[in-house]
Structures are given as C-alpha cells and as structure tokens.
There are 2 protein chains.
Amino acid sequence: METLTPKKREMLERESRILEVARPMVVREGYHGLNMDRIADEVQYSKGTIYNHFSCKEEIIIALAIQTASKRTELFQRAAQFKSCARFRMMAIGEAAEKFVRDYPDYFQFEQILQLASVREKTSEKRQAVIRGSEMQCISMVAGVVRDAIAAEDLELPDGFSPEKLVFGLWSLTSGAYAIIFNSDSLEPLGLDDPFQTVRQHTEALLDGFNWTPHSNAYDSDKVLQKIRKEVFNNE
Amino acid sequence: METLTPKKREMLERESRILEVARPMVVREGYHGLNMDRIADEVQYSKGTIYNHFSCKEEIIIALAIQTASKRTELFQRAAQFKSCARFRMMAIGEAAEKFVRDYPDYFQFEQILQLASVREKTSEKRQAVIRGSEMQCISMVAGVVRDAIAAEDLELPDGFSPEKLVFGLWSLTSGAYAIIFNSDSLEPLGLDDPFQTVRQHTEALLDGFNWTPHSNAYDSDKVLQKIRKEVFNNE
DNA sequence: GATTATTTTTGACGGATCGTCAAAAAAATC
DNA sequence: GATTTTTTTGACGATCCGTCAAAAATAATC
C-alpha cells in the first residue's frame, strides 16, 4: 500500500472521489443525470482532469459497477463455504444473491444501463473483462455446488444437461425476478406481498423439479434459512 | 376505417411512417442512434412536425414497443386456446413466448431501453398504461391456465401461493433467460448450444417442482412440442 | 537554486442534438 | 376571395459531450 508514489496515491484517491460523486447522480437521476461538468464542479477539478481518469461517461458507469461487483463475489464466497449439504449451500448462495440486491440496489441500475448496447459499446474492453470475470467467478462457484451435489449423488442431471445449464436456469430465474421487482409497476397488480420469498419458493421448486435431494418437503425451509442467515451472514 | 377524415388519415399514415423510419435506427444503433433530425430528414417533414406527433424521443421508443406488444398478445391468445390439458397449454404459452422473442427481437431492445427510469419517466402516462395493459393481458391468460389446472386437480399450490405467484416465477425465468441470451457475451463460456431448449427444460422442471401433472417424465416433450408448433403455430 | 524539460491541469471551444416558437404556408370557413 | 384557424417550418437557444492548445505544476539537469 505504502509503496505507491505520492502522485499515484493522489490519482487513486481522486479516482474514487470522482466515483463517489458520480454514484448518487446515476442512482438518483439515472443515466441522463450523470453530467461530466457537474462532476468536475463537485470534485473541484476541471473537466479535462476527469477525462484523464475516465475517457467517457460510460467508463464511469462501468467503474461504478465494478466497485460493487466485488461485493457479490465476496457474498457468494461466504455462502459457498457454508458447512452443509450441497442443496443447503445452494440455498445459501440464493440468500447471498438476495442480500446482494438488497444491500446494493445501485448495482442493478448500473447493470441495466450497461446492458444497453449503445452504452456498453463505449466502455473499454478492459473494464468489460473485469465485469465478465467477476460474473464468471460467481457462476463457477454455483456450478461447483451443483457438481458437489452430483458427486454426493444428491442430484442426477438429465443426459447432456451440464451443471452450467442448471446455473443458467437459476441465474435466469433470480435475475429476471429481481428485474421485475425493481421495476415495481408490474408487481402490484400481481399482489405479491413478499416477492423475495416467492423467488426463494421458485428456486426450491426448480431444484425439486430436477430431483435434487433433500427434496424441499423433507426439511423446514425457514429453519434452514435462519441458520444460513445466522451462520453465514451473522444476521445482516 | 373509411370514416376518417382525409386529414386524420394522413396523420395516421405519417405517424406510422415516422415509426418505420425510427425502428431500424433504434434496432441498429440503439438508444443513441435515434436522432430526431435524421428522422425528419428521412420522412421528409420538418422536425417540428415530428414533434407534433411525438413529444420527445422517448415517446417514439414506447410507441415502437406498443406496436410490437400486440403481437405478443395475439400469440399468447392462440396458445391459450390450444385444445389440450392445462399443462400442455402452458407449454404452448411458453412456445408463444419463445416465438415472440425470436420473431420480434426488436421488442426486447425497446423494453430494455424503457426499463431505464430516466427514459421511462419521459414517456406519457397514456402510452405507459397501454404497455402495462398489454402485459397484464398476457399475465391474466397465463394465470387462467394455472387456474384451469387447479380446477382440473392437475395442480395444487401451497397455502397462500396464488396462481399469480406461479406466473411471476415463469415470467421471471423466461424473461431473465431471454435477457441473458440476447446479451450473448455471458453465454458462450457456459457452453449452451441451444439456450431456448434449456429454457424449456427449466420451465418443465419448475412445473414438475410444483407437482403439476402430468409430470414431464410421463409424456414425450418433443412430441408435444411438435404438436403445438403444428396445430397452434402452423410450423412458423 | 536556476534553468530546462516533462507532466498535468485547465477551461474555452467545436460539435451534436434536443426541444421550442415565431413566422410562413396551407386549409377551412364565411 | 377575404379572413380565420390550423399546420408546418427551420432557425434558434440550450445542454452537454469530448478535445486540445496554452498555462501551471512538477521533475530533471546542471
């Protein structure tokens, strides 16, 4: 840490100050609210200096996403180490995913903006690779749990159905659900009181559908959940 | 149809010409590619006239989404009328959803753009209601099939688990999957050869997980699919 | 420590594009 | 055919992005 030249230190510090200032702009006013002149004003540097750090608006957004993405990896890592059977570890990962979107709802917004091709196109290949890598890390961890289940003979996937395909389904279900939850106007009419619980129920149903044992009717989901929240996440 | 005044006719015609010109702009160049001056150039009217039809860029995008949304309702309607048990009708709806995203991939892009709060905010409440209504129609149809299954005692949902909650899961799974599929860079590393088939398999697993009979191992999915494609969609 | 070379910062500027509005043109009415 | 109403026009103001030559700060050299 202390091996950095003072100049480099200043650069890094300024970089995070820029992001600090940019974050609430995007969060509160969305993509259009991110304004380079305003950033320059608020961090008390000229616009040119901001552009020395980030070559365009979009780079700032992806940098914000990267900041938060590491938090997800951490949460997944903790979940994957839960000492229990594969199925419960999978539940722990589900809990990590839920905790992530609840604790860092900003990330969701950044990701949504970055999903627009016209935005993503402008970001550097380098930062794109960081995001992809962080996502791949999470996917691998989930696939690892699936493999453990297979090894333990708790699960037998259909012919040609790779663990990654199962991860794809879980990923689709949860990310799709979170997308709906965060654009709430489509939710109220459905009368979903606790949408996160519904996601959990669907995840369990999906695993049951693949005959992953123990089947959800063989244990008390609430109990397991309490245990996970306490032991893995220290109750928040 | 012929009861319109010539002036009104011209207005409507011009409106669809504007959308015709705008569509490929958004599809090919994304949100940023939609340029009001270029539209004016291409439809050979002044910018002011364009603004008489659409009060801002964003209104054009939501109008494009509305154009396509009706196609989805049609497909869902056809699927819901498939003469078969509820479970196979649900499969037919899944097929309709798949056909929709394959036939009208543009819609997906429009929806993604409109999901950004900073974009949606600028659109009229009126058009937002149209979109919501169209989505609600589809959701109701799916919920109807779920209710039929319950009535036929093919399905018994857990206590407090409404048909709408099941729809929420199916909707999450498919829309989430399609979002991943259309941003393909996260797909290749997973080695998914036919992602749409994987979505179908997951849908079936989910229904199995809720114990919706007939269970997927009690019939030949491919056969049923062929039948649906032939009888409901005339093979494309 | 003075001078020169290099790096960093600055903010005025060009350019793109949005949305407006007063004036012009067209259509409707009398 | 004159007058009123509606529609169209495109020049214009405003915003905001990203650039770049000049200025300021820092480092290197003697």
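The chains referred to below are lettered A, B, ... by the order of the sequence lines, with proteins before strands, and numbering in each begins at 1.
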Tabulate protein N/O versus nucleotide N/O from nucleotides 17-19 of chain D, keeping only pairs under 3.5 Å, one per line.
from: D/dC17; atom 1: OP1; to: A/L34; atom 2: O; distance (Å): 3.1
from: D/dC17; atom 1: OP2; to: A/M36; atom 2: N; distance (Å): 3.2
from: D/dG18; atom 1: OP2; to: A/Y51; atom 2: OH; distance (Å): 2.8
from: D/dG18; atom 1: OP2; to: A/K57; atom 2: N; distance (Å): 3.3
from: D/dG18; atom 1: N7; to: A/K47; atom 2: NZ; distance (Å): 3.0
from: D/dG18; atom 1: O6; to: A/K47; atom 2: NZ; distance (Å): 2.4

Query raised in the report: In degrees rounded to 10°, what angle is found between the helical axes fit to the five outermost pairs at each end of the helix from C/dG1-D/dC30 to C/dC30-D/dG1?
Result: 10°
Report summary line: The first and last nucleotides of DNA chain C lying within contact of chain A, meaning any atom under 4.0 Å from one of its heavy atoms, run from C/dT9 to C/dG11
Requested in this report: Classify the nucleic acid contact of A/R38 as base, sugar-phosphate or nothing, counting any heavy atom under 4.0 Å across all strands shown.
Outcome: nothing
**Report entry** Test side chain to side chain contact (heavy atoms under 4.5 Å, CB included) applied to A/E125 - qualifying residues, sequence neighbours left out
**Finding:** A/Q128, A/R132
Query raised in the report: Among all residues two or more places apart in sequence or in another chain, which pass the side chain to side chain contact (heavy atoms under 4.5 Å, CB included) test with A/E164?
Result: A/A143, A/R147, A/S162, B/L190
Query raised in the report: Who are the side chain to side chain contact (heavy atoms under 4.5 Å, CB included) partners of B/E20, not counting sequence neighbours?
Result: none
Query raised in the report: Among all residues two or more places apart in sequence or in another chain, which pass the ring pair (Phe, Tyr, Trp, His ring centres under 6.0 Å) test with B/F100?
Result: B/Y104, B/Y107
Requested in this report: Under the ring pair (Phe, Tyr, Trp, His ring centres under 6.0 Å) rule, collect the residues that match up with B/F82, sequence neighbours excluded.
Outcome: none
Requested in this report: With sequence neighbours excluded, tell me which residues meet ring pair (Phe, Tyr, Trp, His ring centres under 6.0 Å) with B/Y51.
Outcome: none
Query - A/F233: partners by ring pair (Phe, Tyr, Trp, His ring centres under 6.0 Å), with sequence neighbours left out - result: none
Query raised in the report: How are the rings of A/Y31 and B/H32 set to each other: parallel, tilted or perpendicular (split at 30° and 60°)?
Result: perpendicular
**Report entry** Pairs satisfying ring pair (Phe, Tyr, Trp, His ring centres under 6.0 Å), at least one member in residues 109-145 of chain A, at least two apart
**Finding:** none
Query raised in the report: With sequence neighbours excluded, what pairs up with B/R229 under the side chain to side chain contact (heavy atoms under 4.5 Å, CB included) test?
Result: B/E95, B/E98, B/R200, B/L225, B/Q226, B/N235
